[in-house]
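Below is one structure, written out as C-alpha cells, with a few remarks after it.
Note that the structure is a prediction, hence the values are computed from the model and not measured. Naming convention: chains lettered A, B, ... in sequence-line order (proteins, then strands); numbering from 1 in each chain.
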Protein chains: 2
Amino acid sequence: MITKITYRNQVRELILDKMKTGELKAGESLSLASIARDLEVSVTPIREALTQLEQSRIIKSAPNRGFIIPELNNVIAKDLYQLVATLESLAIENSVYSKSIIKKLKKQQEKIETSNNAIDRVNEDIIFHNILTSQYKNETAQQILLDLKTRIFFYELEFMSLDNSLNQQHNQIINYLENGQIKDAVKILKLNWLQVLDFLKL
Amino acid sequence: MITKITYRNQVRELILDKMKTGELKAGESLSLASIARDLEVSVTPIREALTQLEQSRIIKSAPNRGFIIPELNNVIAKDLYQLVATLESLAIENSVYSKSIIKKLKKQQEKIETSNNAIDRVNEDIIFHNILTSQYKNETAQQILLDLKTRIFFYELEFMSLDNSLNQQHNQIINYLENGQIKDAVKILKLNWLQVLDFLKL
DNA sequence: ATATAGTATATCGTATACGATTTTTAAAAT
DNA sequence: ATTTTAAAAATCGTATACGATATACTATAT
C-alpha cells in the first residue's frame, strides 16, 4: 500500500531530526524563510508542520513573532521528567519482556557505554528507553512519550553529564526485568528519571 | 497585557467547542470549505488549526482526503482510559486538597446529578475531573489530560449511561480526599475510569 | 442488470501574494 | 555621546490561486 506523504509531515520529521542531531538547539528561533530556502518548499507546509510541533509543546509561537524552541526551564524540566517517569512505569507494568527484548536492551546499553560524545549518548539513552517501553501496545501513550522525550532531549544534553549512576541503573533495570521483578525495575526506572531533579537549582 | 489571538487558535477552540456541544460527532468529516463559510475566514488558519488537532490525535487526516473525527474504537478507548486513569492518579498524588477545592468538587458533583441530558452530564463529569486535578501544577500534564479528555468525550457519550455507580464513586473520592486518604481516593478514581473497560465488547 | 470507462465537479495541499506587525537601520534631537 | 524618532527592511499570518487528486455522475459495453 503506497501512500503519499505530505510535505507537512516531511518537514515536521526533518525538523525533529535536526533537534536530535543538535543542529537545532534550545532557545533558537525557527525562520520560515530560511527553512523554505533549505528545503525548497513554500512556507505553507512549514507553517503547518510548525503549528503541529507547537501543539506538542516542542516549540512555542507568539503572534507576529514566529516560532522558537523554548529555553531550558527548571519548572518545565520537573514536569517533563515526572511525566516520563510515570508513563514509562505504566508501560513497563503493561509489558512482557521476552529474551529477545532483554537482548536488545543489553545491546543498546553497550551502545550507550561506548558512545563518545554527548549527543550520541543522549540519543542512545533515549533509544534504550524506547526499547524498554516498546512492548506497551498503546499508540497514544507512545506518541505522548515520543513528544516528551523530544523535549527532554534538550535537558538531557545539559544534565546527563552530571549523572554518573546511569549505566549501573540501566543494568539493574535489565536484571530485574530478566528475573520478572517488574516492581523493582519500575522503582529503579523512576529513580533513573527523577534523580536528575536533584540537580535543578536556578 | 493585551495580545493578538491568531485566527488559528480561535478556529481550534471553536472546533473543540463544537465537539463538546455534540455538534461535531465521532466519524464526521471536517469540510474546509464549510468551516471557512461558517467562520468567514480563509482555509489557511483552518488547516493550521486542524493540523494541530491532528497532532493531538483528536482528529485524523489522510493525504488528499481531508480531516475526520475518528470513529469510536475499543482498542483506542482502552488506551485512552488507561492513560487518563494514570495521569489523574499522578495529579492527585501531587495535589493538596483545601476546603475550597473540596467545596467545588461537591458543588460540581451536584451539577452532575442534576444534569438532565447526556451531553451536559458528560461535560459536567469532565469538569469534575478537571477540578479534581486542577491543583497539580504541571502544565504539560494538564495539556495532555485536556487532549485525552476531548477524545474520551466521544466515548463517554456512548458508555456513560451504562454505568450506574458513577455518583457513588465520585462522592467516595471526595470523602477520601476530605479525610486526607489520598491512596484510597486514587484507588476509587482508577476504578472509576477503568471499570468502563468491562463494557467494551465489539 | 451490472460493470467499466470517461467526464465533470468538488476538494485538497501547496505556492504565491499581500497587508499587518516587528525588527533593524538611519537620522534627528538632546 | 546618548536617546529618541522616523524610515526602511524583514517577517508573519492570512487570503487567494492553482495543479493534483478524489468523488460523483453519465455513457457505454457486457
Side-chain angles (χ1 to χ4, degrees), chain A residues 1-19 23-71 143 147, chain B residues 1-19 23-71 143 147:
Chain A
M1 167 106 81
I2 306 281
T3 71
K4 169 190 165 88
I5 305 185
T6 59
Y7 284 3
R8 168 179 82 229
N9 289 352
Q10 292 178 62
V11 171
R12 193 185 66 236
E13 294 307 314
L14 280 172
I15 289 166
L16 290 171
D17 280 349
K18 284 191 176 211
M19 291 177 182
E23 210 172 325
L24 282 176
K25 299 180 198 307
E28 272 192 37
S29 292
L30 295 147
S31 155
L32 296 172
S34 172
I35 297 170
R37 276 193 307 270
D38 284 352
L39 302 185
E40 294 181 333
V41 295
S42 80
V43 297
T44 310
I46 294 166
R47 290 188 57 82
E48 291 188 10
L50 293 179
T51 56
Q52 287 191 316
L53 293 177
E54 182 193 19
Q55 183 74 1
S56 294
R57 293 176 156 243
I58 291 171
I59 64 175
K60 289 196 318 191
S61 78
N64 290 313
R65 290 160 186 269
F67 299 89
I68 189 168
I69 303 177
E71 302 269 9
Q143 184 60 52
D147 291 343
Chain B
M1 167 100 83
I2 307 281
T3 68
K4 171 192 163 86
I5 306 186
T6 59
Y7 283 3
R8 166 179 83 231
N9 288 352
Q10 292 177 61
V11 172
R12 191 185 68 237
E13 294 306 314
L14 279 172
I15 290 168
L16 289 171
D17 280 349
K18 284 192 178 210
M19 290 177 181
E23 209 172 324
L24 282 176
K25 299 181 199 303
E28 273 194 37
S29 291
L30 296 147
S31 154
L32 296 174
S34 173
I35 296 170
R37 275 192 307 268
D38 284 352
L39 302 186
E40 294 181 336
V41 295
S42 80
V43 298
T44 308
I46 294 166
R47 290 188 57 81
E48 290 187 11
L50 293 180
T51 55
Q52 287 190 317
L53 292 177
E54 182 193 19
Q55 183 74 358
S56 294
R57 295 177 155 242
I58 290 171
I59 64 175
K60 290 196 317 191
S61 77
N64 293 312
R65 290 160 187 268
F67 299 88
I68 188 168
I69 302 176
E71 303 267 9
Q143 185 60 51
D147 292 343

Checklist entry - Atom NZ of A:K4 and atom P of C:dC12: how far apart are they, to the nearest Å? => result 14 Å
Checklist entry - Roughly how many Å is it from CG in A:N64 to P in D:dT14, rounded to a whole number? => result 8 Å
Checklist entry - By a strict heavy-atom criterion of less than 4.0 Å, which residues belonging to residues 28-61 of chain A are in contact with DNA chain D? => result A:L32, A:R47
Next on the checklist: Tell me whether the side-chain N/O atoms of B:R65 come closer than 4.0 Å to OP1 or OP2 in D:dT23.
Outcome noted: yes
Item to check | For atom CD1 of A:I5 and atom P of C:dG13, their distance in whole Å | outcome: 14 Å
Checklist entry - Applying the side chain to side chain contact (heavy atoms under 4.5 Å, CB included) test to A:L14, which of A:I35, A:D38, A:L39 qualifies? => result A:L39
Next on the checklist: Is there a side chain to side chain contact (heavy atoms under 4.5 Å, CB included) between B:K18 and B:L30? Walk through the geometry before answering.
Outcome noted: CA-CA 11 Å; B:K18 284 192 178 210; B:L30 296 147; over 6 Å; no
Next on the checklist: Under the side-chain hydrogen bond (donor to acceptor under 3.5 Å, both in side chains) definition, can you give me all pairs with a residue in residues 60-70 of chain A, not counting sequence neighbours?
Outcome noted: A:E54-A:S61, A:S61-B:R8
Item to check | Residue that, paired with B:I58, satisfies side chain to side chain contact (heavy atoms under 4.5 Å, CB included) out of B:I69, B:L16, B:I15 | outcome: B:L16
Item to check | Closest contact, heavy atoms only, B:A36 versus B:S42 | outcome: CB-C, 4.5 Å
Next on the checklist: Within the 3.5 Å criterion, strictly below it, is a donor on B:S56 or A:Q55 matched to an acceptor on the partner's side chain?
Outcome noted: yes
Item to check | Qualifying residue, where the test is side chain to side chain contact (heavy atoms under 4.5 Å, CB included) with A:F67 and the options are A:L53, A:I46, A:T51 | outcome: A:T51
Next on the checklist: Quick check on contacts: within residues 7-15 of chain A, what sits under 4.0 Å from DNA chain C by heavy-atom distance?
Outcome noted: A:Y7, A:R8
Checklist entry - Side chains of A:N9 and A:E13: is there a donor and an acceptor less than 3.5 Å apart? => result no
